[in-house]
Amino acid sequence: MLEIQRLRSDKDGVLTGLLKRNIDATNTINEILEIDSLWRSSKTELETIFAELNQLSRKIGVFFKEGKQEEASQLKLETISLKGKESDLKLKVDEMESKITALLYSLPNVPHADVAQGKSPEENEQIASYGELPVFSFSAMPHWDLVKKYDLIDFELGVKVTGAGFPFYRGKGAKLQRALISFFLDEADKAGYEEFITPLLVNEASGIGTGQLPDKEGQMYHSPEDDLYLIPTAEVPLTNIYRDVILPNEDFSIKLTGYTPCFRREAGSYGKDVRGLNRLHQFDKVEIVRIENPKNSERALKEMVEHVRELLVKLELPFRVLRLCGGDMGFASAMTFDFEVYSAAQEKWLEVSSVSRFDTFQSNRLKLRYKDEQKKSQLCHTLNGSALALPRILAALLENNQTPDGIKIPRVLQSYTGFSIIQ
RNA sequence: GGUGGGAUGGGUGAGUGGCUGAAACCAACAGUUUGCUAAACUGUCGUACGGGUAACUGUACCGCGAGUUCGAAUCUCGCUCCCACCGCCA
């Protein structure tokens, strides 16, 4: 949620920023500011009434103590008309507040100055690439055939036991999965992130805190009996650790990581691009989360991008890094870098990581603050990124490393898997 | 699932209708003292919003939401959560 102070002080900046998302928010913001100024004057009026009532009550109390019944009842009469005004005004003020909140919730984050305008993924800027695209002297198999050939993943079994998008990993497929998780966590640990094992179900307040609720309700699995949501990413439990927290000073840098399964309903995304491991209802991911002083968030973003880059280099996968254009960025993000690995048999780039800075957009909802030098509360900046999401990494590893003799395991994983080739 | 008990500031905890935004203690922070540390003493010590350049000031908040009352942390009702014991279970 954008801060209303920002709309008051820099309306034009916000408007031009949102244009990068191809959103013309003029009407919304004008409406917010109109209601806001009316709200402020009404609020002042209301508080004056409260102040008068408080004073009268105090006097009545004193009169009663002194036994002056007459004077007290006199004053009681005065409160009646004030109370009438109060309840009318209070209704209006409440109405205005919820209207403002609803309008603020509807506005996405303002893209950072360096973000380009654009409508679709084609307009994302490629800022780096690494590795060579594999060439095969034989006809390469897509991963959904490879996993069948080598008994690594059983999609049909998943359909039987649960439904589409819930695969079984088995044998070396399961081991490889576990190896990747351990590798990612170890790398995060080396980079100074504290590891967590988090709850996989969260309450409504947490969903609101990180922005999944109320807008993206349909994307999460929900247990109505207990009113709990299955997490779509570890970002939710990890970031919500710091919901309603005020850090005591301005000298902090919080780095969290965690492996969790992620659950996504993916309502409405059927058909192409969902084959095999490309899009699942349940998948594994290691997430990194940072909470930073605003002055350090730019550096933090760079470090996170570098961290993800290193992971992919070590896995020997060809990849490219994109800075997303305004139109392709997530609702809460101010800047996002996507990492895509090349999947050789599908001949496609697959998104395996998304690293974003949210500035104060999340912390405003989370009420996550720190005390500055003047001991004033300021909103923190939050950032997060996948490091990494497993299924598409697995898809690319299998496809790119296939040989007539089997699938070769990257060197860095071999100590984790205990084998160097899948035959 | 059953039965009880509870929810007050960073923590412990007092407070059953008015001068209580909230005692006291602890913790924390600043200062005095000190060769250093400790101790002692002094002071500060919630959040949000509104008004004001500012000093400051008004209002709201004692789990959440309603109600009674001139006035509610305190009384009434509903809800949520937590704890303990029993049952069941990894």
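Numbered from 1 within each chain, the chains take letters A, B, ... in sequence-line order. Just so you know, these numbers use all the heavy atoms, side chains as well, and skip hydrogens, waters and symmetry mates.
- Separation of the C1' atoms belonging to B:rA27 and B:rU44 is 14 Å when rounded to the nearest angstrom.
- Nucleotides B:rG71 and B:rC82 are separated by 32 Å at their C1' atoms, to the nearest Å.
- The shortest heavy-atom contact between A:I291 and A:C380 is CG2-CB, 4.0 Å.
- Taking the ring-ring contact (aromatic ring centres under 6.0 Å, His included) definition, one finds that A:F50 meets it with nothing, sequence neighbours left out.
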(request) Return one dot-bracket line describing RNA chain B 5' to 3' (Watson-Crick or G-U wobble pairs, both distances under 3.5 Å; ( ) same strand, [ ] crossing, | another strand, . none). (result) ((((((((.[[[..)..(.....]]].(((((.......))))).((((((....)))))).[[[[[..)....]]]]])))))))....
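- Distance A:K376 NZ to B:rG46 P: 15 Å, rounded to the nearest Å.
- Rounded to whole Å, the P atom of B:rA40 lies 23 Å from the corresponding atom of B:rG46.
- A:Y370 pairs by the ring-ring contact (aromatic ring centres under 6.0 Å, His included) definition with A:F252, not counting sequence neighbours.
- Listed by first then second residue, pairs satisfying salt bridge (charged side-chain N to carboxylate O under 4.0 Å, His left out) with a partner in residues 53-67 of chain A read A:E66-A:K68, not counting sequence neighbours.
- One atom, CG of A:L247, and another, P of B:rA28, lie 19 Å apart when rounded to the nearest Å.
- Comparing B:rG10 with B:rA28, their P atoms sit 16 Å apart, to the nearest whole Å.
- Across B:rG4 and B:rU74, the matching P atoms stand 24 Å from one another, rounded to whole Å.
- The stretch residues 88-107 of chain A has no heavy atom under 4.0 angstrom from RNA chain B at all.
- Heavy-atom distances to RNA chain B give each of A:I246 and A:V62 a nearest nucleotide, and the one nearer the 5′ end belongs to A:V62.
- Comparing B:rA72 with B:rG21, their P atoms sit 11 Å apart, to the nearest whole Å.
- Applying the salt bridge (charged side-chain N to carboxylate O under 4.0 Å, His left out) test to every pair with at least one member in residues 166-191 of chain A, sequence neighbours left out, gives these pairs: A:D154-A:R170, A:E187-A:K190, A:E187-A:K314.
- With C1' as the reference atom, B:rG87 and B:rC77 are 32 Å apart, rounded to whole Å.
- Residues meeting the side-chain hydrogen bond (donor to acceptor under 3.5 Å, both in side chains) test with A:E287, sequence neighbours left out: A:K285.
- A salt bridge is absent between A:E156 and A:K160; no separation between the charged side-chain nitrogens and carboxylate oxygens falls under 4.0 Å.
- For A:Y229, the ring-ring contact (aromatic ring centres under 6.0 Å, His included) partners at least two apart in sequence or on another chain are A:H222.
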(request) Quick one, give me the B/S/- string for nucleotides 49-80 of chain B, reading 5' to 3', where B means a protein heavy atom under 4.0 Å from the base and S means that only happens at the primed atoms, P, OP1 or OP2. (result) SSS------BBS---------BS---------
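- By the ring-ring contact (aromatic ring centres under 6.0 Å, His included) test, A:W349 is found to be paired with A:Y342, residues two or more places apart in sequence or in another chain being considered.
- In this structure, A:S73 reaches neither bases nor backbone, as no heavy-atom distance under 4.0 Å exists between it and the strands shown.
- Residues passing the side-chain hydrogen bond (donor to acceptor under 3.5 Å, both in side chains) test with A:E34, sequence neighbours excluded: none.
- For A:E194, the salt bridge (charged side-chain N to carboxylate O under 4.0 Å, His left out) test picks out no residue, with sequence neighbours left out.
- A gap of 28 Å separates the P atoms of B:rG9 and B:rU68, to the nearest Å.
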